[in-house]
Amino acid sequence: MTNDHQHFIPFPSKTETELRVIKMGEEVILLDFWSSPFGMRVRIALAEKGIDYEEREENLNNKSSLLLKMNPIHKQIPVLIHKGRPICESMIIVQYIDEVWQNKVSLMPSDPYDKAIARFWADYIDKKIYSIGKLVWVSEGEVQEAAKKELVECFKLLEKELGDKHFFGGQNLNIVDVALIPFYTWFYALETCGNFSIVEECPHLVGWAKRCMDKQTVSNSLPDQYKIYTHLLELRNQHLAHLKG
Amino acid sequence: MGEENNNVRLHGNWASIYSKRVEYALKIKGIPYEYVEEDLMNKSHALVQYNPVHKKVPVFVHNGMPVAESLVILEYIDEAWPTHTPRLLPEDPYERAVVRFWANYLTHQVPESAKKVFFCKGEEQDEAINDLHEKLALVEHEMVDFIPKDTSKIKVDTLGILDIQLITLFVAHKAQEEVLGKKILDPEKHPLIYSWVIALQNLPVIKETIPPHDILVAALKQWS
């Protein structure tokens with residue numbers, strides 16, 4: 001498809017004279033933030049499919065007018081903009097990418113039942129890992145202990161689902177791998193803040209994570225664990241300072 | 001999967017909107033099913049076996065294979081019975097992504113808000129109603145491309161996942177408003193959503209599943 005027409009999407013900016021022109025061609029833009037596990041999911045999916053895209057880093061304390069226009073409901077990243085149109089919510093974006101770019105690897109199984117199982121586990125990861133994991137690195141005392149216990153239970157359940165497969169998707173990554181692997185960047189922070197060893201509790205999961213990281217499409221999409229640790233530590237200190245008033 | 005080998009069972013609960021969504025999808029598509037009413041205080045062994053992770057309804061069992069989580073079930077039904085119209089999700093990937101976004105919003109954010117309306121009292125309840133109305137205003141404004149323009153044209157074969165999400169949320173709104181003494185669905189604040197809900201309510205497939213008004217009111221009063 002080579003049609004390449006211009007589509008003006010005017011939107012208010014600080015100066016009010018700024019007009020951005022977004023070419024309604026094949027252009028793919030990702031509004032992202034370096035430490036977001038949700039942004040990482042999209043980066044991996046785009047890399048798996050070999051899609052060229054423009055990455056735009058958002059300042060979450062000063063969101064761009066483009067982000068606010070493209071995701072007026074949640075005002076959150078990631079947002080994928082394809083042919084000038086926004087797609088929001090990381091797992092929705094990942095499925096969109098899989099459905100539009102059918103050329104290479106598939107991130108979803110073809111059988112409807114297998115698809116349902118993959119979607120179930122991606123939903124489980126969405127419901128549990130971020131919120132429980134965050135409690136481990138942001139809180140203290142009893143709250144932290146309870147969250148640690150729950151997180152390990154979640155990881156063990158995921159280990160059971162993985163079984164002896166190479167990846168959740170078998171020989172290739174599927175949406176469950178993509179949904180979960182970004183949280184590997186939290187492991188150092190979780191272990192350090194929570195004072196426990198994930199590899200001791202869940203060796204199979206760590207084995208899976210290392211196999212994912214052996215893939216360039218994953219390792220190039222994820223920031224370094226230590227960088228994430230210092231970032232999360234900063235957020236934790238801000239949170240605790242805020243609590244103590 | 002051949003028609004001859006289609007054993008379909010739904011474990012649900014009459015008060016669960018998520019359970020209702022799966023029921024409506026099956027009725028709308030004309031897929032025969034066996035329904036098992038679960039007592040949520042005393043869950044069946046089958047339910048726990050089929051959904052060991054969450055132990056919740058709805059659980060959909062197709063030829064002995066269980067599927068849980070209403071959105072996952074709805075997409076599964078759409079894909080496993082591809083010739084049974086109407087299709088719940090659009091074919092076009094972009095439209096499908098937008099519909100999935102709103103399906104998520106109507107599965108998580110709006111029901112959470114609606115729940116607070118029922119479980120809070122006094123000032124907290126007023127705040128919860130305001131929050132719900134704000135969310136509905138957002139839906140009315142931003143989901144406008146998916147709200148039917150001519151509600152007289154709404155028929156069983158034009159229905160999709162968003163119709164199902166919406167009607168399960170508001171099918172009992174008159175009874176709820178009577179019990180609360182407050183407006184949940186305001187035709188002045190949300191005219192498009194209001195007329196959409198009324199049109200859906202009047203479809204025979206929906207109407208025949210709604211308990212009589214006084215029974216609904218009595219049941220809701222028992223809860224509050």
Side-chain angles (χ1 to χ4, degrees), chain A residues 24 28 42 45 68-76 78-102 107-128 131 153-154 156-158 160-161 175-176, chain B residues 1 18 22 50-54 56 58-82 84 88-110 134-145:
Chain A
M24 218 157 101
V28 179
V42 181
L68 298 176
K69 169 93 180 174
M70 292 284 143
N71 189 358
I73 313 296
H74 302 302
K75 306 177 174 61
Q76 279 171 3
V79 177
L80 192 77
I81 307 175
H82 183 216
K83 300 181 187 179
R85 300 184 301 186
I87 302 105
C88 306
E89 309 267 295
S90 62
M91 292 320 294
I92 293 178
I93 299 172
V94 168
Q95 287 188 88
Y96 173 81
I97 289 169
D98 194 48
E99 288 163 14
V100 170
W101 285 276
Q102 293 187 11
L107 296 171
M108 278 288 255
S110 47
D111 173 71
Y113 188 75
D114 295 335
K115 274 188 180 165
I117 298 303
R119 284 181 181 132
F120 173 86
W121 286 106
D123 174 73
Y124 176 82
I125 291 161
D126 261 354
K127 281 181 161 72
K128 303 277 186 181
S131 51
E153 271 166 30
C154 292
K156 288 193 151 117
L157 196 61
L158 287 162
K160 196 169 157 212
E161 175 57 24
I175 58 164
V176 181
Chain B
M1 225 177 260
Y18 304 108
V22 179
Y50 284 137
N51 188 5
V53 176
H54 301 299
K56 283 184 180 172
V59 174
F60 184 74
V61 189
H62 186 198
N63 295 332
M65 311 279 273
V67 184
E69 294 299 303
S70 65
L71 280 177
V72 177
I73 297 171
L74 292 171
E75 289 217 36
Y76 173 73
I77 290 172
D78 216 28
E79 288 165 357
W81 282 269
H84 279 62
L88 300 179
L89 284 141
E91 287 295 316
D92 174 70
Y94 181 73
E95 278 180 33
R96 192 197 295 249
V98 179
V99 165
R100 279 180 175 144
F101 175 89
W102 288 113
N104 261 358
Y105 196 73
L106 293 171
T107 296
H108 301 119
Q109 281 86 349
V110 176
E134 260 171 44
K135 290 196 158 68
L136 290 178
L138 234 135
V139 172
E140 177 109 356
H141 186 251
E142 300 290 342
M143 204 173 96
V144 67
D145 290 342

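Atom set for the values below is all heavy atoms of this structure, side chains included, hydrogens, waters and symmetry mates excluded. Below, chain A is the first sequence line, B the second, and so on; all start at residue 1.
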State the [atom1]-[atom2] distance between [X] and [Y], to the nearest 0.5 angstrom.
| X | Y | atom1 | atom2 | answer |
| --- | --- | --- | --- | --- |
| A:His74 | B:Asn104 | NE2 | CG | 7.5 Å |
| B:His54 | A:Tyr124 | NE2 | OH | 7.0 Å |
| B:Asp92 | A:Glu99 | CG | CD | 9.5 Å |

More than 12 heavy atoms of other residues, nucleotides or ligands under 6.0 Å from NZ of A:Lys115: is that the case?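 Yes, because the 6.0 Å sphere around NZ of A:Lys115 holds more than 12 heavy atoms from other groups.
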Minimum heavy-atom distance between [X] and [Y], given as atom pair plus value:
| X | Y | answer |
| --- | --- | --- |
| B:Pro93 | A:Val100 | CB-CG2, 3.7 Å |
| A:Pro112 | B:Tyr76 | O-CD1, 3.5 Å |
| B:Ala97 | A:Ile87 | CB-CG2, 3.8 Å |

Before giving the answer on side-chain contact (heavy atoms from CB on, under 4.5 Å), spell out for A:Asp123 and B:Leu71 the whole-Å C-alpha distance, their side-chain angles and the decisive distance to 0.1 Å. CA-CA 10 Å; A:Asp123 174 73; B:Leu71 280 177; over 6 Å; no
Mind ranking B:Glu69, B:His108, B:Arg100 by heavy-atom pairs under 4.5 Å with chain A and telling me who comes out on top?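 Looking at each of B:Glu69, B:His108, B:Arg100 in turn, B:Arg100 comes out on top.
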Is A:Glu89 close to B:Tyr105 at the side-chain level, that is, under 4.5 Å between some pair of heavy atoms?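 No, side chains not in contact.
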Main-chain N/O of B:Pro66 paired to A:Tyr113 side chain as donor or acceptor, under 3.5 Å: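 Checked: pair present.
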Interface moiety of A:Ile93 toward chain B, non-hydrogen atoms closer than 4.5 Å: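 A:Ile93 has no heavy atom closer than 4.5 Å to chain B.
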Tell me, side chain or backbone of A:Ile73 under 4.5 Å from chain B's heavy atoms, or both, or neither?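 For A:Ile73, the contact with chain B is made by backbone and side chain together.
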